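Since the structure comes first, as structure tokens, the remarks are kept for the end.
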Amino acid sequence: MSTSQGSHVRATDWWRSAVIYQVYPRSFADGNGDGTGDLAGLRARLGHLARLGVDALWLSPWYVSPLADGGYDVADYRDIDPAFGTLDEAEALIHEAHALGLRIIVDLVPNHCSEQHPWFQAALTAGPGAPERDLFHFRDGRGENGELPPNDWPSHFGGPAWSRTADGSWYLHMFAPEQPDWNWEHPEVRAEFLSVLRFWLDLGVDGFRIDVTDHLVKEDGLPDAAGHHHQPHPWRDQEGVHEIYRSWRKVLDSYPGERAFVAELWETDPERFARYLRPDELHTAFNFPLLRSPWAADAFREVIDATLAAHALVEAPATWVLSNHDTTRHVTRYGRADTSYDFDRAARHGLPVDLALGTRRARAAALLTLALPGSAYVYQGDELGLWEVEDIPDHLRQDPTWVRSGGVDRGRDGCRVPMPWDGEEQPFGFSPERASAAPWLDVQPDGWRELTVQAQSGDPTSHLTLYREALRLRRETAGLGDGPLHWHASTSQVLDFSRSDGFRCVVNLGSEPVPLPPGDLLLASGPLAGGALPPDTAAWLREA
Ligand code: NOJ
């Protein structure tokens, strides 16, 4: 057994201020040349992350999985998928990351598993009425011959949330049919996940990102959703989830080294959101309203104020997220006429994008989010200014949402394209030279030649240099991360706030340059116009 102790990571409520980098293992770096990102590739590229200056990595699932949903369909919660490597490599990665001062957060998927999970397979084999089936939500269908799903719940990926087995019964899956939902009323399910938590904590991980945190408990009797207007919803945010997270928190707190949780929560009511962050529950949660917000100072200000007020209720730090493996990359979002984000991807896909505008705004957004109170997330490639790849040929699309929606939703592949590292030719160093296979999603745009880590290193104006500088200053500046924020009066087009220690951030979201307040310029997201801050630009200042 190993722990975080003895490593170079500092224990100081680190999660309240941490900058956490999301690795999507399949697309980060391919070490063995088979076209799929893996742990060997990640280990070889850890230096990039240390140099970038982040505090921790969150790894999207690395477990044994048929990859029906990019690894969010777990067949074995205690082992690494052979496509990614081995458990020994995972342990080595944790040690190497710790030696570089980087913590490791792993993804935990407790709402559902893979249809290949041995317990689901045993349930299928055991047949209707068998106790093995109680670990999942098996039901008889409705209709004369049970030919209709047991209720009207839709799957998030399109179609009904129920599939029928060969023996005629139905099972619940809130996502793809390959992802049966666990029955969290069953004590064995609860015990199993406590044991899984311990397994990874014993191996030395520093925390967990919890997938669809609010879905675990379903309303008694699984009632129809139609006409169900009251909160909570029948499949999410049920009161019962909170006791599960209290029990998890106890386990985490019994380990040395300040391990932490981050919840994936798309809850829009700030007060219900904050209930997950009560002191005996989860430490942090992704705060998605900023990601959904249009590029507008009043909309951003409203989100920032609401976020800070809700988190203050429970004394939890806020988190700031611009992109992840489920959403359209923000360079692309911010370059469209409608800069907001929602899951109606089909309606937004392929709309005209001004990438230069989106990139300018993405640079400003980086300085904004890294200056706000709390912790911030960087999705792999954000630091390079990667855009969404929207012209993926349909036959290469792999996201289950594409097939499940009957080809309406073009899915999330466009933000999961393999990273460009170096060189002049695709796959830009993603796989080693003389690889045996092309990348699993072989659609890197030609234009990424200028965006490789190699091409951007040493260029003082590059996106990567901006991130490196911002993260360096954030580390050196005591007032950043967790702590108070003070707004200055400004026009409705500008965000202007100070943190402690004389640090000030000004962002111009309007269409005219605005005067910069007095102070020493620490960093700007783009060139300044004389003493003025141009549109779509942010500046960090040290107040005089
Ligand atoms: C949220 C994950 O981020 C997403 O990628 C996945 O498809 C769903 N949860 C289901 O696990």
Side-chain angles (χ1 to χ4, degrees), residues 20-28 37 57-75 77 81 105-117 120 136-137 153-159 161 163 172-182 184 193 196 208-216 218 235-237 241 261-267 276 282 284-288 291-292 319 321-329 341-343 345 377-381 388 397-405 409-417 440-441:
I20 301 175
Y21 185 97
Q22 181 190 354
V23 173
Y24 192 72
R26 213 177 170 190
S27 303
F28 188 71
L57 316 185
W58 147 40
L59 277 74
S60 281
W62 56 4
Y63 312 107
V64 177
S65 165
L67 295 180
D69 180 22
Y72 286 92
D73 48 317
V74 180
Y77 287 88
D81 194 276
I105 293 177
V106 292
D107 215 309
L108 190 64
V109 190
N111 178 67
H112 44 264
C113 57
S114 158
E115 59 166 351
Q116 294 302 323
H117 190 287
F120 188 70
F136 302 90
H137 297 282
W153 296 3
S155 142
H156 294 296
F157 289 168
S163 287
L172 178 71
H173 53 83
M174 292 311 303
F175 293 87
E178 295 87 348
Q179 295 167 292
D181 278 41
W182 290 107
W184 274 88
F193 276 89
V196 168
F208 299 89
R209 176 265 189 194
I210 306 169
D211 193 57
V212 283
T213 303
D214 58 352
H215 273 45
L216 275 48
K218 276 63 175 186
W235 64 73
R236 63 174 187 81
D237 198 30
V241 292
F261 288 114
V262 54
E264 186 210 16
L265 265 183
W266 286 91
E267 175 62 58
Y276 290 81
L282 305 174
T284 57
F286 297 131
N287 167 43
F288 291 124
L291 185 157
R292 299 177 99 126
T319 68
V321 184
L322 290 168
S323 281
N324 66 25
H325 66 294
D326 291 330
T327 58
T328 307
R329 283 194 179 270
Y341 179 77
D342 210 338
F343 285 100
R345 277 185 298 256
Y377 282 80
V378 178
Y379 174 46
Q380 68 181 39
E388 184 83 3
R397 293 188 184 277
Q398 312 226 2
D399 186 356
T401 57
W402 165 242
V403 171
R404 294 276 301 166
S405 70
D409 182 346
R410 275 157 204 274
R412 302 163 293 181
D413 294 312
C415 62
R416 301 175 176 179
V417 175
W440 69 278
L441 185 57

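Quick note: numbers below take in every heavy atom, side chains included, and nothing from hydrogens, waters or symmetry partners. Start at 1 and go down the list; that is how both ligands and their atoms are numbered. Keep in mind it's a predicted model, so treat the numbers as computed, not measured.
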Note the single closest protein heavy atom to atom 8 (C) of ligand 1, along with its residue, its atom name and the distance in Å. Phe175 CE2, 3.8 Å
Gap separating the OG atom of Ser155 from the CZ atom of Arg404, nearest 0.5 angstrom: 4.5 Å
Over all heavy atoms of both residues, which pair between Trp184 and Leu216 is shortest? Give the atoms and the distance, please. NE1-CG, 3.5 Å
What residues, two or more places apart in sequence or in another chain, satisfy side chain to side chain contact (heavy atoms under 4.5 Å, CB included) together with Pro180? Cys113, Glu115, Phe120, Phe136, Tyr171
Does Arg412 come within less than 4.0 Å of ligand 1, judged by its heavy atoms? yes
Any idea how Tyr341 and Phe343 line up, ring-wise: parallel (<30°), tilted (30 to 60°), or perpendicular (>60°)? perpendicular
Keeping to residues at least two apart or across chains, list the salt bridge (Lys or Arg N to Asp or Glu O under 4.0 Å) pairs with something in residues 65-74. Asp69-Arg412
Arg416 heavy atoms, cut-off 4.0 Å: which ligand 1 atoms fall inside? 5 (O)
Atoms of ligand 1 close to Phe157 [distance to a heavy atom under 4.0 angstrom, numbered from 1]: 7 (O)
Heavy-atom proximity to atom 2 (C) of ligand 1, best of Asp69, Asp211, Val109: Asp211
Side chains of Tyr72 and Ser65: any donor to acceptor distance under 3.5 Å? no
Return yes when His112 approaches ligand 1 closer than 4.0 angstrom through a heavy atom, no otherwise. yes
Nearest heavy atom to atom 5 (O) of ligand 1 wins, so pick from Asp326, Asn111, Thr213, Val74. Asp326
May I ask whether Arg209 places a heavy atom under 4.0 Å from ligand 1? yes
